[in-house]
Enquirer: 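First the structure, then my questions, so here it is.
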Amino acid sequence: MASVVQVSAVTVAFGGLRALRGIDLDIARGERLAVIGPNGAGKTTLFNVIAGDIAPTTGAVVIKGQDCTYRPSRHRPRLGLARTYQKARAFAGLTVRENIYLALAGHRGRHRALWRSSADRAMRDEAAEVAAQVWLSGQVDAVAGELAHGQRRQLELAMAVATRPDVMLLDEPASGLSRGERERLVELLESFDEQLTLLVIEHDMDVAFRIAQRVVVMADGEQVTAGTPEQVRADPHVHRIYLGTEAVA
Amino acid sequence: MKLRERLTARTLVLAGLVLILVLLPSLATAFFVNFVMTQTLILGLAAATIVFLSRYGGMTSLAQLLMFGIAGFMFGNAALDGGARGLNLGWHPWAAVGFAMLVTTLAAFVLGAIASRTTGIYFLMLTLVYGVIGYFVFAQIVEISGPGGITSIQRPDLLGPPVRLYYAGLLLSVLAYLGFRASRRTAFGLALQGVRDDPVRMASLGFNVALHRALAFTLAGFVAGLAGLLNVWWNGQIDPASISIGPTLILLIIAVIGGISSLEGAWLGAFVYVLVFTYLRDLPLVDGIGITEARFNTVIGVIVLAIMVLSPEGLTGIVQRLRGGARPVHPTEKELGGTRP
């Protein structure tokens, strides 16, 4: 399968701290990839590099054949890349509909329109439809700052889904969700189009292993191992990283 | 939105207020209308641009009086001829208006584009620097400001009688208020609020954060320029001292008195400022406690201090509390130009 995201020898240094050390990653179109690892492993930094929020110190990021290493994050949506953040970053003073509307407007470049138009109204209606996809139809006119934690995460996901991306980066989407909400999240992720490439950082192994076809394990800014969920589950390195013990046969 | 939804108590109160202001020339003295209220509308219009940038863009600007001054100086240079100070271009008054607004808007865009890469205290300081540089430009280049300012500026014939200037101020104030309010729900206004709340998130959604900030600054500069035109028509002259650091801070103080998170507060703050400025000397026994006209700024300082202590949301916050209605909306740190912790 053709690569949609290529990360080559990426290193990120924050002063004396090397958050990423020569990461290589080749992600195929339609692949479901989970990135796991303990806190401080560099998972979110890797996402930030792919999403353009920070530029790597060395190395390269290629998305759909275009070198995006030093291109700012605002160019990513037009390349079909959408992301969510570890801490939900919906706009607290705006409604659910307006948050999703902004995601649509940013992707389509309609945000410079000063006054309403029919296209503008259509986008507002579309925003409500996207809200329904993530079970937020009852809260479409609620202010984002007043939503419960789980609903904010749903909204974060809706803002990524709204742009119909080719590549979606989800940073701990199940964090803080109840058991029921996690089930619904997994159902939603499994319902996505097969052509959608999904990169997920997740601490909940159950969620990560159910979604992923391939799992990359990171520790101290390096890739420790990679493989299918079954291979990773049985890998003694992974047990040592997470539990400090070898795998129990 | 349906008409019924638009007819909130607040809208009805504001519509009633506008009606009273329309009828004011037949209800009040010419001095009150042509001096107190015209000045209130002009300063309120300029202060509203500070509120707009702060409320929707999270940018507290100290450059709005500079835009106000650029428009005034440019009009004076373009409209006057022979014998007056400045460039004496002698253009038709409306051509001079177009020229003044064009220069002001371009200046606002360029200065906004530079300032758009800063936030919070850095934005505030940069716009203060703009104000200081602007003052020295006009103070030192006398070819465009005349030695001691440009005087004998005439307003266009259409605005000849003073009461027409009052109505022009009222019309522009109403249009600016409605425009700023309406912009809140437009694509641009929503994007601006997003930029205020989380610029990194907005960039990841595909928005050019710096461009949005620059465009908002340009829009605010344009409106401040309109207020500057009204000011030179009302005052008949403009000099560099009128855009120095003191008046620059006064405009910010007007916005703070009214409530920097409320558009209505800009005109309310201007009204209080002009009332104090005009009538302080007439208060009985004021001289006896040592408050003279020369100590006017001290009085304003004490008023601002009292308002900040009693109601950080300004006078509009106090009005909302007195009405006993909804809790006043506290301006967030971002709305006041703060930075994400």
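In what follows, every chain begins at residue 1, and chains take the letters A, B, ... in the order their sequences are listed.
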Enquirer: Can you give each donor-acceptor pair under 3.5 Å made by side-chain atoms of residues 98-108 of chain B, sequence neighbours left out, with the distance rounded to 0.1 Å?
Expert:
residue, atom, partner, partner atom, Å
B/T104, OG1, B/A71, N, 3.4
B/T104, OG1, B/A100, O, 2.6
B/T105, OG1, B/M101, O, 2.6

Enquirer: Of the backbone (N, CA, C, O) and the side chain (C-beta and beyond), which part of A/A103 lies under 4.5 Å from a heavy atom of chain B, both, or neither?
Expert: both
Enquirer: Which atoms form the tightest heavy-atom contact between B/A187 and A/Y101, and what is the distance?
Expert: CB-OH, 3.1 Å
Enquirer: Please tabulate, for side-chain N and O atoms in residues 59-66 of chain A, each donor-acceptor pair with protein atoms closer than 3.5 Å (sequence neighbours left out).
Expert:
residue, atom, partner, partner atom, Å
A/K64, NZ, A/L79, O, 3.0
A/K64, NZ, A/D166, OD2, 2.3
A/Q66, OE1, A/R71, NH1, 3.0

Enquirer: Find the distance between OG (B/S204) and CZ (A/R76) and round it off to the nearest 0.5 Å.
Expert: 11.0 Å
Enquirer: Assess the residue pair A/E156 and B/R201 against the criterion (salt bridge (Lys or Arg N to Asp or Glu O under 4.0 Å)); give the C-alpha distance rounded to whole Å, side-chain angles, the decisive distance to 0.1 Å, and a yes or no.
Expert: CA-CA 11 Å; A/E156 184 88 355; B/R201 185 73 174 108; 3.7 Å; yes
Enquirer: Just verifying a value: how many Å separate A/F91 CZ and B/R196 CZ, rounded to the nearest 0.5 Å?
Expert: 10.0 Å
Enquirer: Rounded to the nearest 0.5 Å, what's the gap from NE2 on A/H75 to CG on B/N208? Could you check?
Expert: 8.0 Å
Enquirer: Atom CD in B/Q193, atom CG in A/L102: separation rounded to 0.5 Å?
Expert: 8.5 Å
Enquirer: Taking the side chain as C-beta and beyond, is there a heavy-atom pair between A/R89 and B/D197 under 4.5 Å?
Expert: no
Enquirer: Between B/L205 and A/R74, is there a side-chain heavy-atom distance shorter than 4.5 Å?
Expert: no
